[in-house]
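One structure is given here, and the rest of the page talks about it.
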Amino acid sequence: MSDLAAPRSAIVTGAAGWLGQNLVRALAPERDHVRALVLNDEEAPLVELAGANVEVVLGDVRDPTALDRLFDGDDGDGATVFHAGAVIHPAHRVRELFDVNVGGTQLVLDRARRAGAHRFVHVSSNSPFGLNRDPGDRFTEASAPDPYLAYGRSKFEAEALVRRAQDRGDLATVIVRPPWFYGPCQPERQTRWFRAVRRGRFPLVGDGRNRRSMVYTGNLVHGLLRAEVAAVAAGRAYWIADPEPYEMRTVLATVRAALEAEGLAVSGGQPRLPRLAGRVAERLDVVAQALGHYVQPAHVLGELKETIACDVSLARAELGYAPATTLYDGMRASIRWCLERGQAL
Amino acid sequence: MTRRETEFLVVGSGAGGATTAAVLAEAGRRVTVVEEGPWVDPDAEDAPEPFSLQEMAVKYRHHGSSAALGNPPVAYAEGRCVGGSTEINSGLWHRLPAEVAAAWRSDYAIDGFDQHQIDAWADRVESRLTVSRVPGAPPLSSALLERGAAKLGWRSVELPRVVAYDGGGRATKQTMARTLLPRAIVAGAHLEAACRVVRLLRRGDRVTGAVARRRRPDGTVEDLEIDAEHVVVCGGAIQTPALLQRSGIRHRIGRGLKLHPTIKIAARFPHPVDHEDVPIQRVTEFVPELAIGGSASRPGHVGLALADSGADIADVGAALADWERVFVYYASIRSDASGLVLAVPGLRSPLVTYRLTDGDLSRLARGLVLLGELLLAAGATELYPSVTGAEVVRRPEELASWWGSVDRSRTNLMTVHLTSTVGMGEDRDRTGADSYGRVWGVRNLTVNDASLLPDAPGVNPQATIMTIALRNAEHLLSRP
């Protein structure tokens, strides 16, 4: 397995996001210069704290001039571009998924090419591949796409743009496909999730034996940094997740155990909902999205009953990916991060 | 009622109909071509100027103002004259991309559609027309596209056209009225202009001919019944399914309408730009989802494009007065949506609907922003997008405002590429006709026009339509 040298500069979009903050914190001590795109002034401090060598650029990935500023100067030349900017849960309208996830990717790819970037590491998702057909199945790099609703379609289209940029011949790209994250710097919705699990208010849909791949943010950052340098990775795509998928009932039991280990008493039992409830939510989600609306609870509940599992063998073999943090330790780290910030769980 | 009799009745005289008529007539078959629109001699002294509003009034259906209903609606234009849309289009010649052909072959189970076969048919079509490149330097309106693309590192190509150039560089577009229709007539075909087919006559699983209404030169009308052994319908993606539906043929007919929704920018430059012709440069960097090129920009088009921006009347007026420095460019997309053509009893024109998806609108917004970036790089100083009330952009930092402006209520869209309302292939659940255009369930009825393309090609469709039409017409000759 041969590695390229990591460039001294990195450019990160979506730097104030859940993954972006973890990535910038990992890059800052190792690189001379990190340029980080964040949406506005409020987000800037989240990234600036990572180090004096982190330069924040304010703007939107849809704004050509914001990207000109991000790639301005000598740093773009030979830097690695980590494209982590995307919308997962739009505020209201489905359209935003396409504008940011597809349109933004096109504009960032274009700048990266013009700047002569070392590599374009694209953060994709499991959702271009939808749901596993049967409970024992795992997605591999050979699985056929089957985008799940609008988010899945937007990430699928974005992957196609990345592949085309690679085929064009003047930009090396690597696509990384992470599933559901957990870990520090989590958004408010994940804190609400911990709170609901702690109080016995978060349901298992069906028997809870359906499996979900998840990825600890630290493991994912490790995967991205391997994608940056592994010589063989150019033009390829990899699943990056914790070593094995988890049964949903194990995920919830582990979170409850992690909460207790951090001194937070867990109340109530584990509520259950019939699979039918998940199906009703899924129908609601489909209808709402067809009308251009996004209803986050329906989307999340509709997906909970499903198996979304992937196989990380190729990343282990080709990238030297070696995820070290377990679900239990990762959840504890995430809970501690909330407590350190005074968030009530 | 006047009765006529023919072996092959070809309905429509555009790219599909003219190709069909020439092949059949030159093989010695008895052919009658009926065309709803008038004969307009393209070489007459008083012929309308190409791309002029006068031309629209004479050669276009509804004077060029049809629309697919939806939110937003999509305005479209169809030729309605002898030669069909080949008389009014830009004649840009773009072969069907190989990856699109491969997808059609497998998705719709099209027999006899391998790449080497398609290439051979396309070669033969091109040998029958004159497909050439502009001699010498391209016009400025074209060079500006190339200049902008080069500055941004985007790929662009100069497209060939179905145009013949004389020694002095004078261009003559090789329309059907100038090429294949005269060939068909010399070979014995009979051409009936200003003659609208009302419906096809059927008996059992066959058609026996058609009922038509002809407008005589003196303005009176004559009803015709034309007996035919075989009918080939080539009315284009809107009129063909409407005629089949009026004749009671409905299996997979009129569904799956595909078009290339197109958004425009009227760009003002600090120098005059040519306006006689359509740019031949095409930005291919974002193909197949997005294509960028130049539109007809006669003063009338410039005025319409400026009006579509809904900008301040003083700005629009100033730009209009300066029309010699304004040119109209476009971004067109491959759309995820599909539409419907429905013949409504009592109405002469079918109902056409098309509902763009959120992904389509986003792609149009992306196209507008990218086109804006290109035009500013090419030196434009003011950009008026075809989005009512959107910002008139003078600097790059204003471009991002367009993402929010392109919405369902304010976006003015048009298309000149309409396809896929019948579809060909062996998958009967997804097509209205077999791999060679024979309509399912009717033994002697063939469709041979843009309706057969199973999906939008992402490029100018005339080359694809004519290639498939030549292939299917020769196959028709070989059928028992």
Item to check | Sidechain-backbone polar pair: B:W403 side chain, A:R62 backbone, donor-acceptor under 3.5 Å | outcome: yes
Item to check | Toward chain A, the part of B:L399 with a non-hydrogen atom under 4.5 Å | outcome: side chain
Item to check | Residues in residues 364-386 of chain B that sit under 4.5 Å from chain A, counting heavy atoms only | outcome: B:A365, B:R366, B:V369, B:L370, B:E373
Checklist outcome for this item: Applying a strict 4.5 Å limit to non-hydrogen atoms, the region of A:L161 in contact with chain B is side chain
Checklist entry - Counting only heavy atoms not in B:R105, do more than 12 sit closer than 6.0 Å to its CZ atom? => result yes
Checklist outcome for this item: Among residues 282-291 of chain A, residues within the sub-4.5 Å heavy-atom range of chain B, in order of number, are A:Q289, A:A290
Checklist entry - Taking only heavy atoms into account, what residues of residues 102-110 of chain A are found under 4.5 Å from chain B? => result A:V102, A:G103, A:Q106, A:L107, A:D110
Item to check | Most contacts with chain A, counted as non-hydrogen pairs under 4.5 angstrom, among B:G153, B:S362, B:P396, B:G359 | outcome: B:S362
Checklist outcome for this item: Distance col, row B:T357:OG1 vs A:F98:CZ, nearest 0.5 angstrom, shows 6.5 Å
Next on the checklist: Please classify the contact of B:R395 with chain A as side chain, backbone, both or neither, using a heavy-atom distance under 4.5 Å.
Outcome noted: neither
Next on the checklist: Is any side-chain heavy atom of A:D63 closer than 4.5 Å to one of B:E398?
Outcome noted: no
Item to check | Contact origin within B:R355 toward chain A - heavy atom pairs under 4.5 Å | outcome: side chain
Item to check | Side chain, backbone, both or neither of A:R95 within contact of chain B (heavy atoms, under 4.5 Å) | outcome: both
Checklist entry - Distance from A:R111 atom CZ to B:L152 atom CG, nearest 0.5 Å? => result 7.5 Å
Next on the checklist: The test is side chain to side chain contact (heavy atoms under 4.5 Å, CB included); show your working for B:D358 and A:R153 and say whether it passes.
Outcome noted: CA-CA 11 Å; B:D358 286 320; A:R153 284 199 301 278; over 6 Å; no
Next on the checklist: With a strict 4.5 Å heavy-atom criterion, list every residue of residues 162-173 of chain A that contacts chain B, or say none.
Outcome noted: A:R164, A:R168
Item to check | Interchain contact, B:W154 with chain A, by part (heavy-atom threshold 4.5 Å) | outcome: both
Next on the checklist: For A:E42, is the CD atom crowded, meaning more than 12 foreign heavy atoms sit under 6.0 Å from it?
Outcome noted: no
